[in-house]
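In what follows, a single structure is set out as structure tokens and then discussed.
Keep in mind it's a predicted model, so treat the numbers as computed, not measured.
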Amino acid sequence: MVRLLLSLLLAAACCAQNPTSVLVQTDWVRIVRAANVPGQLSRPHVHLMNRVMIHLDRGVLRIENKETGVNRDIPFRAGEVRWDPRVGLHTSENTGKTAIRIIEVELNDTPPRPPGMEQGKPLPTPPGRFRVELENAQVRILRTVLQANEQPTDTVFATPVIAVRLRDGETVFREARGAAIGNDSGESGEWIFVELK
């Protein structure tokens, strides 16, 4: 209990130092837009939930695990999506030469699943427009292109879904079987869809 309280206090301290924009908060997810400038070092903090990291820019983050003393550099490309499992006490630092933006999707371990939506149940095959990037027990991540001003009908999902436009980080959340997700921009672009399980 004391360790959990310490972890929460450290996480709160980190957020106070490195403010982020909360884009969406539901019983399923908390989605934030994080931004870091070169050389920015966070205070020690923990991540109590698994996350999906959607990188809008190219960069490098150095993670220093305070519990093991191990450092690791994580290079990433603009448009790359990474699975980021929960981690103990650590710091992160932008060791690249440019500012970076990341959409972070924090996943609740016990979301309020409606009857018939059991965890681990296979999801329906996605429409042909989508390419599966990653799938595990909590999410299936899809990539597609939506044309300028396209309002498709095949972007309604059986489970809650998050859609992120990679060009600018525009983020949309829909409940299961919610409205279709379209591209209201005059430019075509690549989108990431995160289906929640």
Side-chain angles (χ1 to χ4, degrees), residues 15 18-26 28-40 49-61 73-84 92-108 111 123-136 138-197:
C15 291
N18 299 321
T20 57
S21 300
V22 177
L23 303 176
V24 175
Q25 186 150 0
T26 73
W28 281 86
V29 293
R30 180 173 179 263
I31 306 171
V32 299
R33 177 192 298 258
N36 298 85
V37 296
Q40 183 175 344
M49 299 177 184
N50 294 329
R51 301 181 303 163
V52 172
M53 309 290 277
I54 302 169
H55 296 279
L56 303 179
D57 303 295
R58 178 182 177 163
V60 179
L61 281 176
D73 288 340
I74 303 172
F76 46 84
R77 305 175 317 276
E80 185 173 344
V81 180
R82 289 187 309 107
W83 175 251
D84 191 42
S92 62
E93 179 182 6
N94 176 356
T95 59
K97 298 187 183 327
T98 58
I100 55 173
R101 298 165 299 150
I102 305 168
I103 303 297
E104 302 177 359
V105 180
E106 301 171 350
L107 303 163
N108 182 353
L123 295 175
T125 301
R129 75 163 51 238
F130 293 100
R131 184 178 81 229
V132 176
E133 293 270 310
L134 179 145
E135 186 164 4
N136 62 30
Q138 284 188 284
V139 296
R140 178 168 66 185
I141 299 172
L142 308 171
R143 184 181 298 261
T144 194
V145 172
L146 294 179
Q147 299 304 320
N149 300 307
E150 182 182 5
Q151 300 300 319
T153 58
D154 60 355
T155 57
V156 174
F157 294 84
T159 66
V161 66
I162 298 118
V164 177
R165 185 170 50 210
L166 292 176
R167 178 174 46 82
D168 58 6
E170 173 71 24
T171 301
V172 178
F173 175 83
R174 292 284 191 271
E175 293 289 349
R177 295 177 182 76
I181 297 170
N183 184 10
D184 58 1
S185 168
E187 297 178 38
S188 65
E190 221 174 5
W191 287 67
I192 297 296
F193 284 70
V194 180
E195 292 180 274
L196 305 176
K197 295 182 175 184

Do you know the tightest heavy-atom contact between [X] and [Y]?
X      : Y      : value
Pro38  : Ala99  : CD-N, 3.8 Å
Gly169 : Thr171 : O-OG1, 2.8 Å
Ala148 : Gly186 : CB-O, 3.2 Å
Arg165 : Ser185 : NH1-CB, 3.3 Å
Glu195 : Phe157 : OE2-CD2, 3.2 Å

#### Entry: Parallel, tilted or perpendicular: rings of Phe76 and His55 (30°, 60°)
parallel
Counting N and O atoms only, with roles assigned by atom type, does the side chain of [X] sit under 3.5 Å from a partner on the main chain of [Y], one being a donor and the other an acceptor?
X      : Y      : value
Asn183 : Gln147 : yes
Arg51  : Val105 : no
Thr159 : Lys197 : no
Arg129 : Val145 : yes
Asn36  : Ile100 : no
Arg143 : Gly79  : yes

### Query
Is there side-chain contact between Val24 and Ile162, with at least one heavy-atom pair below 4.5 Å?
no
### Message
Does any part of the side chain of Phe193, heavy atoms only, come nearer than 4.5 Å to the side chain of Ile181, both counted from C-beta?
### Response
yes
### Task
Please assess Ile31 against Val22 for the test side-chain contact (heavy atoms from CB on, under 4.5 Å), listing each intermediate value before the final yes or no.
CA-CA 6 Å; Ile31 306 171; Val22 177; over 6 Å; no
### Task
Starting from the C-alpha separation in whole Å, work towards a yes-or-no answer on side-chain contact (heavy atoms from CB on, under 4.5 Å) for Glu104 and Asp84.
CA-CA 9 Å; Glu104 302 177 359; Asp84 191 42; over 6 Å; no
### Message
Using a 6.0 Å cut-off, check whether atom CZ of Arg174 has over 12 heavy atoms from anything other than its own residue.
### Response
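Yes.
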Distance check, rounded to the nearest 0.5 Å: [X] atom [atom1] versus [Y] atom [atom2]?
X      : Y      : atom1 : atom2 : value
Trp83  : Glu133 : CH2   : CD    : 14.5 Å
Ile192 : Glu80  : CD1   : CD    : 10.5 Å
Ile102 : Leu56  : CD1   : CG    : 8.5 Å
Thr26  : Phe173 : OG1   : CZ    : 4.0 Å
Phe130 : Arg140 : CZ    : CZ    : 9.5 Å
Asn50  : Glu106 : CG    : CD    : 11.0 Å

### Message
Using the rule given for side-chain contact (heavy atoms from CB on, under 4.5 Å), can you reason through Thr98 versus Asp57, listing the C-alpha separation, both sets of side-chain angles and the distance that settles it, and then say yes or no?
### Response
CA-CA 9 Å; Thr98 58; Asp57 303 295; 5.8 Å; no
### Query
Between Val32, Val164, Val172, Ile103, which is the residue that forms a side chain to side chain contact (heavy atoms under 4.5 Å, CB included) with Leu23?
Ile103
### Message
Set out, in order, the CA-CA distance, both residues' side-chain angles and the distance that settles side-chain contact (heavy atoms from CB on, under 4.5 Å) for Leu196 and Val29, then state yes or no.
### Response
CA-CA 9 Å; Leu196 305 176; Val29 293; 3.7 Å; yes
